[in-house]
Amino acid sequence: MVIDKNMFKMDYIEKLQTMFAEEAVDASPLHQYYALGALIKDYCAKPWIESNKEYAKNKGKQVYYFSMEFLVGRLLNSNLVNLGLKDICEQALHELGINLIEVEDIEADAGLGNGGLGRLAACFLDSMASTQVPGHGCGIRYKYGLFKQKIENGYQVEVPDNWLKNGNAWEIRKENKAVEVRFGGSVHLEDDKGITKVIHENYECVRAVPYDTPIKGYKNNTVNTLRLWSAETMEEDFDFSSFSQGNYVKAGENKYSAEAISQILYPDDSYEKGKLLRLKQEYFFVSAGLQSIIKNYKKKKISLLDFHKHVAVQINDTHPAVAVAELMRILMDTENLSWDDAWYVTTRTTAYTNHTIMAEALEKWPVDIFKKLLPRIYMIVEEINRRFCNEVYHRYNGDWSKVNNMSIIYDGYVRMAYLAIVGGHSVNGVAKLHTELLKHQELSDFYEFFPEKFNNQTNGITHRRWLLNSNVELAKLITETIGDSWIKTPNDLNKLIKYAKDSAFQEKTQIIKTNNKINFSNHVLSKYGASIDPSSIFDVHVKRMHSYKRQTLNVLHIMYLYNQILANPNIDMVPRTFIFGAKASPSYYIAKQTIKLINTLASKINNDPIVRGKIKILFLENYGVSLAEKIIPCADVSEQISTASKEASGTGNMKFMMNGAITIATLDGANVEIFDAVGKENIVLFGLTSQEVIEYYRNKTYNSYYMYNNDLRINTILNQLVNGFLETPKTEFAGLYESLLTNNDEYFVLKDFDAYVNAHNEIDRLFRQKAIWQQMSIINIAKSGIFSSDNTIKKYAKEIWDTPPVNIKL
Ligand code: 26V
């Protein structure tokens, strides 16, 4: 069906009438938005039905991406673009007196993630649909997404993110697909005529109701599904007698405990051993997801022994690792497979992605909690572990230290990563360096034991959201220059290489960047009353706030620059605007101090007439997907300065590069691959290498006091943190000060300081050479196509899932 402008207009008018009994001009922006969302969902309906029909009859394979987080952002614009209706919609609305951009602004971000891991899952959804991979998301429909950040007096204040307040235009509640998830109770085995039956009694039952969101591929007929589960009380658990006797609170008690499961997304530092609710969340969506997959599978009337030939389950970090045991449970207890058959199928179905090398993020659950909440699952984990430890013991001739190192259950804890490794067929890291570190350091015992399971899948980003849609003018220029093949074949961006030295093209890209900066500056002025200079270098550091990401290094460098200017007000430097955006987890003390430090320094520097026109600091409140889409196209410099070895991949680095920013980087995560792609002339590298960092951890020879005592710049700055220079109580930044000195600077901020200063001098030098800078920028854009998540997905599909594309015909 081809939709033209007039048809679109008529359909839209009708939607407004049927939904709200209103005419376009009278409708509130919210109603205009909902009607538009509903209309777009209608346009997705037919291909969605056809995709599902094709998948249902298809004897091929589907993949389910199990993830605790999907950081989707907004969907209106990307759905319009993927349907090929953006221009038509814009014109149709315009003729009705409605501005599409204003309507788009009504949509709340679906902020169901902390950062990179959740955003990666969302990019993968877009790429799976756009490359025709039959792949679906499975997660939790949190009532509240990651908190909204407000800055009050320089401090972060967390506010609930009630993103569903006005409803959600995209989801469809699938009442008839609800399933039950069981917690607690007791389990015993009974002999039933020679067959062992598992009896699970006295459990608590929660109703899992799926909400489905269509994921439309770019200009094809594929519509995949993001299925998010919501927890509800079983009707029979609602205490109607209390209710009718007027005891509302008591009547609702079960309701509240069941519904708490899908109430909030945990911030990423609150993983303390023992967070019962978090484990409940994990099991809840994993069990619901697997039950619904099996139900669907059984409709196909194929043997469950072939399950792995038709279903792949990707475990996104350890959070859904309980999937291994839950699949075993369903196959054995409800589908009556033997242990060996169930194990055969399970280990061929599941695959695990590791997203972080930081030991504290590898989940471990205390056995007592685990066993109490999931008694049957614990029995299965114990048996998996018993068999696995036995194998290890024999492989290593009775070496108990190996057994202890690799045991899934150890020292009173269930180690979820190990469960995922043992119970699946694939373990992957998310960038080359990260995978090497997993193989040779963190998971070396497992690599030795199962070398065939390990593989690398470097992360990617959807170039449609992060270039085509968010940097419209640049995308247009690229299309005018090399044609539009890059949208479906992102590696074609490489055709821009020819134009890297072309002065006319350089000028065009520069004008676009400047216009983006001007528009953003106007936005900042009107929204926050802050004025920034669009001709200054926009130096951008946006990501989760974490010590290893070293926002502190950036801040210390700004303090150093400030001191330089105070000492020499006529210093020759290109004006800079340092832009930060980051949320700190609510209980992460040092991260919160860093936010306060940035804001304190901002108010000091921005109000100091001596530095006027030289440096400025802007802290963007409530960094998230929509803000990223605005700021990334404006960046001249991309800060990717984590302590080498700590950042698994990073994906912001790819987004900036794709928009022509120059990266200042350590050789960490995917920065290494960006460096390989663009060459040393087109990136500014600095700092310790991962091997050097690891060596320092090993030989313990690093002493941060040495840096403090022997580098006057460092000495001055650190003193300024605690001597009142910042006009705050002296204790305000004592925690940060101590982390750098008393606690010996775990992330080598001071060690890398000198190299970082030099790298920034290099940026200043390069930026003055307009042609060189623009050439570097174009080379970065041209080489960024390899980091499209379309490529990443094709590689997962080939090497892990074995899911060839499925063509959907209408
Ligand atoms: C940890 C935890 C601990 C338990 C509580 C919930 C929770 C949630 C998130 C995290 C850690 C965040 C993991 C993460 O976002 N990793 C990032 O994954 C990106 C995609 O692979 C990668 O590019 C980043 O380098 C990596 O930090």
Side-chain angles (χ1 to χ4, degrees), residues 65 67-71 111-124 139-140 142 145-147 264-282 285 314-322 352-365 415-417 428-435 437-438 456-462 542-550 582-588 591 625 628 640-656 665-666 668-674 690 787 789 792-793 796:
Y65 198 81
S67 177
M68 231 23 206
E69 305 190 2
F70 286 93
L71 191 40
L112 310 184
N114 276 282
L117 169 146
R119 182 55 231 175
L120 184 76
C123 283
F124 279 6
I140 297 176
Y142 300 104
L146 190 65
F147 65 86
I264 59 146
L265 164 76
Y266 274 100
D268 71 7
D269 76 325
S270 57
Y271 170 62
E272 287 158 28
K273 290 138 219 106
K275 277 269 149 84
L276 182 68
L277 185 57
R278 169 118 183 137
L279 182 56
K280 268 192 168 174
Q281 290 185 327
E282 296 182 353
F285 90 94
Q314 192 66 32
I315 297 176
N316 195 29
D317 221 293
T318 51
H319 321 148
V322 68
Y352 158 61
T353 305
N354 174 291
H355 291 268
T356 180
I357 211 97
M358 310 279 286
E360 63 266 30
L362 290 181
E363 285 178 299
K364 303 191 287 184
W365 293 107
R415 305 198 274 208
M416 301 308 278
N428 75 278
V430 290
K432 279 184 192 159
L433 173 67
H434 171 59
T435 302
L437 292 173
L438 289 179
N456 174 248
Q457 305 296 333
T458 297
N459 282 165
I461 57 172
T462 164
V542 287
K543 48 183 80 249
R544 283 181 294 132
M545 180 63 68
H546 201 292
S547 299
Y548 85 79
K549 294 178 185 279
R550 298 202 295 190
K583 288 182 184 175
S585 278
S587 57
Y588 192 167
V625 176
Q640 308 300 334
I641 62 174
S642 52
T643 312
S645 79
K646 296 292 180 187
E647 188 70 272
S649 162
T651 43
N653 46 5
M654 302 168 184
K655 294 165 197 162
F656 280 102
T666 47
D668 198 18
N671 297 349
V672 177
E673 286 154 81
I674 292 177
S690 54
F787 296 107
S789 44
T792 315
I793 282 300
Y796 271 87

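Here the structure is a predicted model, which means the values were calculated and not measured. Atoms within each ligand, like the ligands themselves, are counted from 1 in listed order.
Checked by distance only, ligand 1 and D317 stay at 3.5 Å or farther apart across all their nitrogen or oxygen atoms. For the pair L120 and ligand 1, the shortest N or O to N or O distance does not fall below 3.5 Å. At least one N or O atom of R544, backbone or side chain, sits closer than 3.5 Å to an N or O atom of ligand 1.
When atom types are taken as modelled, the side chain of S585 and the backbone of S587 share no donor-acceptor pair closer than 3.5 angstrom. Remark: the backbone N or O of A431 is not paired with any side-chain donor or acceptor of E673 at under 3.5 angstrom. Looking only at distances, no side-chain donor or acceptor of E282 sits under 3.5 Å from a matching main-chain atom of A321. No donor-acceptor pair closer than 3.5 Å links the side chain of K646 to the backbone N or O of S547.
Judged by the shortest distance from any of its heavy atoms, H434 lies outside the 4.0 Å radius around the atoms of ligand 1. Within the 4.0 Å heavy-atom cutoff, E69 counts among the residues contacting ligand 1. Using a 4.0 angstrom heavy-atom cutoff, G650 counts as in contact with ligand 1. Residue M68 places every heavy atom at 4.0 Å or more from ligand 1. The shortest heavy-atom distance from T356 to ligand 1 is not under 4.0 Å.
Note that the OH atom of Y548 and the CD1 atom of I357 stand 11.0 Å from one another [nearest 0.5 Å]. If you take CG on L433 and CG on N671, they are separated by 9.5 Å, rounding to the nearest 0.5 Å.
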- Item | Residues E647, S642; criterion side chain to side chain donor-acceptor pair (under 3.5 Å); working and verdict | CA-CA 6 Å; E647 188 70 272; S642 52; 4.7 Å; no
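Using modelled atom types, one finds no donor on one side chain facing an acceptor on the other under 3.5 Å when comparing H434 with N456.
Taking a cut-off of under 4.0 Å to the non-hydrogen atoms of A648, the atoms of ligand 1 that pass are 25 (O). In the vicinity of N114, heavy-atom distances shorter than 4.0 Å reach the ligand 1 atoms 8 (C). Close contacts between ligand 1 and N459 involve ligand atoms 20 (C), 21 (O), 22 (C), 23 (O) [criterion: under 4.0 Å to a heavy atom]. Atoms of ligand 1 found under 4.0 Å from any heavy atom of Y548, numbered from 1 in the order shown, are 27 (O).
Tested against T353 for a side-chain contact (heavy atoms from CB on, under 4.5 Å), the candidates T318, I315, L117, V430 yield a single pass: V430.
Only the side chain of R278 comes within 4.0 Å of ligand 1, counting heavy atoms alone; its backbone N, CA, C and O stay farther away. Residue D268 touches ligand 1 through backbone and side chain together, judged by heavy-atom distances below 4.0 Å.
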